[in-house]
Amino acid sequence: MLHVPCPNDQPAERLPGAGIDFARPDSVLAVVYARRHIVWLTVGLAAVALLVNAWPLWHTDVWGHMSYGRWIVCTGRFPDREPFCDLADKSQDLIHTQWLSQVFLYSVFRAGSWLAGGDEPNRSAGGIEALRALHALCVVVRCIFLWLAFRHQATSAGLSDRGCNYLAAAGVLASLLFSPAHIAVLRPQVFAEVLFAATLWILSQPRWHWRHFLWLAGVSLVWTNAHGSYVLCPVLVVTLAVGNSIQRVLWRHVPIARRATDARRSAAHLGPMRPLRHWLLALACSMFPALLCNPHGPWLLYKTWQFASHPNLQTMNEWQPVSFTDATSWGWWYLICLAVLLSTPVLTRRTYAAGHWLLLALFAYASYRYTRMMPWWIMLTPWLSLPLWASRFAGEYAAHPLATDAPRGSQIPAADLKNTILAAMTVVVAFLWSGPGQWLLTGTPRALSRSVHPGTPWRQAALLQHWHSTKHWHGRVFASETLGDYLLWAIIVPDAVSRKQTHPGRSAAHQPDPHQKELNGRIRIFAYTHAHLFPKGTWDDLRSLKAGAAGWDKLLDRYAVRAILVEAELHPLLRRHILASPDRWEVIEDQTGDRRIGDPKGRLFFAVRKS
């Protein structure tokens, strides 16, 4: 029968384009639908990853730690004493709080070297490319955990999803802008910062379930074996638990008529009042790995305290109080964070919960006393202050775009497949633009001259190795501790490690003792950045030589130094002394004032003693 359309019939709704419904709720791909803020978050994280991956690999810390990782992997055990430098204190036990980071860094480098293949420079370039990719990935993961933690904190104050996303993104951006020089350095602390952000995320959950305690135990377990800052995990839990108890006591003395107002202004920002058993379980999850699951067992806390009280560490900048004399120093960022935290209650007309006040006081003192605490202080600042700003927007600016998801009658954009495709395309483009992506497209990693910081003495190390193999050159190299890290990696190879690399099938039990030989006893270094492993007298001599103090020539003779390698513009007096002694020293390279090297820390001075 012929169908005659009725005037009341409504035409079927047609989808735009090819007729694909990207927001179909019953689609099998509905589980991967994303909202628009996920796209913007992906774009931001991709930009951060590209920026971090574009930075050359800084030469301090990472090479020294990889030397220990290589030792552990090749020998199959932990060294009992310092195995590389004959001037180190051989009576001092090593503290293995970073062995997991050291082994992981070395494994990543070795995997990149294996993928690159070819000659030694090409393998090194591949390993460095892998390390730079790992660095960028760690920073991105840290940003994701911080964003989630900040978002949970803002949500606890009743702000809309849209407002929480904006405030969380602002907090992550502030944590990046306040510490750009610190983020640019790859070291075991990078992994600890990821774990610190994960701990903040767990503590920000509105309600704890059994899986949160398992996550906290896992974070503490990895952290205990990855970096010496593992104590921050139980410190956070204990401080918030004490604050929660104080808040309960104060709450009992608040009149019933005032409880609704006080809940909005204070207690709500700590989330729900957790029962005491939850805090005790959280404390157990954060403490037991630190007491049991580590190479030292329950003695780890005591050994960590011994390490932190070593007199040599007090001479290093990061173990001293923050300085306010330099415009680029940590001191000004410390004051900015403190001003933000103290002004937030005044501007928002709200107050922190008791646990947050305790954290503020504790980290404010610790960061002022020890500069190395600044990265944790910077991450903690948005975590403490954002709930108050979220409450202010949600309570007193109800019509503000941050306080509502649908301003001016517009509808909330739903999750759909288009946003997922845009986010995936962003990830693909960022990868192809990054160093690993270019390696995949061209078949070769970036050259060493482009992938490492100009201050990395890889050319000088290769020259020393060449002299050793062709001219049988031997002796001690005096280098600043920051340059000594790379020399430790490139030149000082214990006999056990070299034999294991040559004969990988030989077991560690048949390896000779690596504490005695360093490249057949031919080339030795003065020191490296692990200051706590050296006697105080040796470390003081290192500082005197770097400063070119009186008696510098006698110290060089006493330690039988045959080569000097320092940052030229950081040690000008020592450089002038060497230049004034042409009868005893031959200058191989002097990059002072070289405009082609933008960073003054990358301009090196290299001299050898005349025979």
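Numbers for residues simply follow the sequence, beginning at 1.
One finds the NE2 atom of H532 at 10.0 Å from the CG atom of N312 (value rounded to the nearest 0.5 Å). Note that CZ of F178 and CE of M379 are 14.0 Å apart. Values are rounded to the nearest 0.5 Å. Interatomic distance, R450 CZ to I128 CD1, rounded to the nearest 0.5 Å: 12.5 Å. How far CZ of R81 is from CG of D89: 9.0 Å, rounded to the nearest 0.5 Å.
Residues M373 and L232 are in side-chain contact: their nearest non-hydrogen atoms beyond the backbone lie under 4.5 Å apart.
Taking the salt bridge (Lys or Arg N to Asp or Glu O under 4.0 Å) definition, one finds that K536 meets it with D540, sequence neighbours left out. For A461, the side chain to side chain contact (heavy atoms under 4.5 Å, CB included) partners two or more places apart in sequence, or in a different chain, are Y486, L487, A490, I491. When the ring pair (Phe, Tyr, Trp, His ring centres under 6.0 Å) test is applied to H577, the partners found at least two apart in sequence or on another chain are W552. The ring pair (Phe, Tyr, Trp, His ring centres under 6.0 Å) test applied to F363 returns no partner, not counting sequence neighbours. Residues satisfying the ring pair (Phe, Tyr, Trp, His ring centres under 6.0 Å) test with F605, not counting sequence neighbours, are none. For W377, the ring pair (Phe, Tyr, Trp, His ring centres under 6.0 Å) partners at least two apart in sequence or on another chain are Y334. With sequence neighbours excluded, no residue forms a salt bridge (Lys or Arg N to Asp or Glu O under 4.0 Å) with R459. Evaluation of the side chain to side chain contact (heavy atoms under 4.5 Å, CB included) rule for W467 yields L463, L464, K471, W473, I588, F606, V608 as partners, not counting sequence neighbours. Residues that satisfy the salt bridge (Lys or Arg N to Asp or Glu O under 4.0 Å) test with K601, not counting sequence neighbours, are absent from this structure. Under the rule for a side chain to side chain donor-acceptor pair (under 3.5 Å), the partners of E318 that lie at least two apart in sequence or sit in another chain are R187, R372. D594 is linked by a salt bridge (Lys or Arg N to Asp or Glu O under 4.0 Å) to R596, counting only residues two or more places apart in sequence or in another chain.
For the pair N122 (side chain) and A116 (backbone), a donor-acceptor distance under 3.5 Å is present. Looking at S469, its side chain does come within 3.5 Å of a backbone N or O of H466 through a donor-acceptor pair.
Within the structure, the ring-ring contact (aromatic ring centres under 6.0 Å, His included) test picks out the following pairs touching residues 553-576 (sequence neighbours left out): F526-Y559.
Between W489 and F109, the ring center distance clears the sub-6.0 Å criterion. In this structure, Y106 has its ring center no closer than 6.0 Å to that of Y68.
Among all heavy-atom pairs drawn from I378 and S179, the shortest one is CD1-CB, 4.0 Å.
Note: H59 and H453 have tilted aromatic rings, judged against thresholds of 30 and 60 degrees for the angle between ring planes.
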